[in-house]
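Note that the coordinates shown come from a computational prediction; the quantities given were computed from them, not determined experimentally.
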Amino acid sequence: MTLIEASIRDQVNRDLDCSEASYRLMAMRAEVTELIGRWKAAGGGERLPTVRERLSRSYADHPIAMAKADKTKADKAKPKPGHGNARA
């Protein structure tokens, strides 16, 4: 949905017709509303995360993100070549 929203913004900014993209976005939103209704009817009751919460949680839980964070910490601890305590 966010890609279609960005496409609509781009089309509006360039004074182009965005009706087709708008119809697709409205259909997607209607489908999401229907799915949430089904979920609630099936007993779902906890709060759903926002897009920002979902993306930040997904990235933080991703093993690659964790490995990059660990590597960055390890790289900072190592002295870089030529930056040691050499005396002239």
Side-chain angles (χ1 to χ4, degrees):
M1 281 193 331
T2 56
L3 293 176
I4 292 178
E5 290 170 350
S7 171
I8 291 170
R9 270 188 240 101
D10 182 54
Q11 290 172 345
V12 167
N13 289 337
R14 293 187 291 144
D15 290 330
L16 299 173
D17 179 28
C18 63
S19 57
E20 185 179 326
S22 298
Y23 288 132
R24 283 186 288 156
L25 180 61
M26 288 189 297
M28 286 180 167
R29 288 180 176 173
E31 184 179 355
V32 167
T33 301
E34 182 182 337
L35 290 171
I36 291 172
R38 288 185 192 176
W39 173 73
K40 286 183 177 181
E46 61 266 2
R47 182 184 156 288
L48 295 173
T50 64
V51 173
R52 178 171 287 162
E53 292 169 344
R54 179 73 175 116
L55 290 176
S56 65
R57 209 177 313 153
S58 294
Y59 182 76
D61 293 342
H62 201 280
I64 293 173
M66 308 263 296
K68 284 183 182 178
D70 290 343
K71 184 179 179 188
T72 303
K73 289 178 187 175
D75 287 346
K76 288 182 181 178
K78 294 179 187 176
K80 295 182 181 177
H83 291 85
N85 290 335
R87 296 181 189 214

**Asked** Distance-only, no hydrogens or angles: does the Asn13 side chain make a donor-acceptor pair with backbone N or O of Arg9 under 3.5 Å?
**Response**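 Confirmed, Asn13 side chain pairs with Arg9 backbone.
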Q) Say you draw a straight line from OG1 of Thr2 to CG of Leu25; how long is it, rounded to the nearest 0.5 Å? A)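 So the OG1 of Thr2 and the CG of Leu25 are separated by 10.0 Å.
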Tell me whether Ile4 is reachable from Leu16 by hopping between hydrophobic residues (I, L, V, M, F, W, Y) whose side-chain heavy atoms are closer than 4.5 Å.
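Leu16 and Ile4: separate clusters.
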Would Met1 end up clustered with Ile36 when hydrophobic side chains under 4.5 Å apart are linked, directly or stepwise?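 Met1 clusters together with Ile36.
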Point to revise | Remaining members of the apolar cluster that contains Met26, side-chain heavy atoms under 4.5 Å | key: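 When side chains under 4.5 Å apart are linked, the cluster holding Met26 also contains Tyr23.
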Item to check | Shared-cluster residues of Leu35, by chain and number - hydrophobic side chains joined below 4.5 Å | outcome: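 Grouped by the 4.5 Å side-chain rule, Leu35 forms a cluster of one, so the answer is none.
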Residues in side chain to side chain contact (heavy atoms under 4.5 Å, CB included) contact with Arg52, at least two apart in sequence or another chain: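 Scan of Arg52 (side chain to side chain contact (heavy atoms under 4.5 Å, CB included), adjacent residues dropped) gives Thr50.
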**Request:** List for me each residue that meets side chain to side chain donor-acceptor pair (under 3.5 Å) alongside Asp17, sequence neighbours excluded, and say none if there are none.
**Result:**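 Checked Asp17 against side chain to side chain donor-acceptor pair (under 3.5 Å); matches are Ser19.
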For residues 36-47, which residue pairs qualify under side-chain hydrogen bond (donor to acceptor under 3.5 Å, both in side chains), counting only residues two or more places apart or in two chains?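 Counting only pairs at least two positions apart or across chains, the side-chain hydrogen bond (donor to acceptor under 3.5 Å, both in side chains) contacts touching residues 36-47 are Glu34-Arg38, Arg47-Glu53.
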### Closest heavy-atom pair and its distance - Cys18, Ile8
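Result for this residue pair: SG-CG2, 4.0 Å.
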Sequence-distant partners of Arg29, salt bridge (charged side-chain N to carboxylate O under 4.0 Å, His left out), two or more places apart
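Applying salt bridge (charged side-chain N to carboxylate O under 4.0 Å, His left out) to Arg29 gives Glu5.
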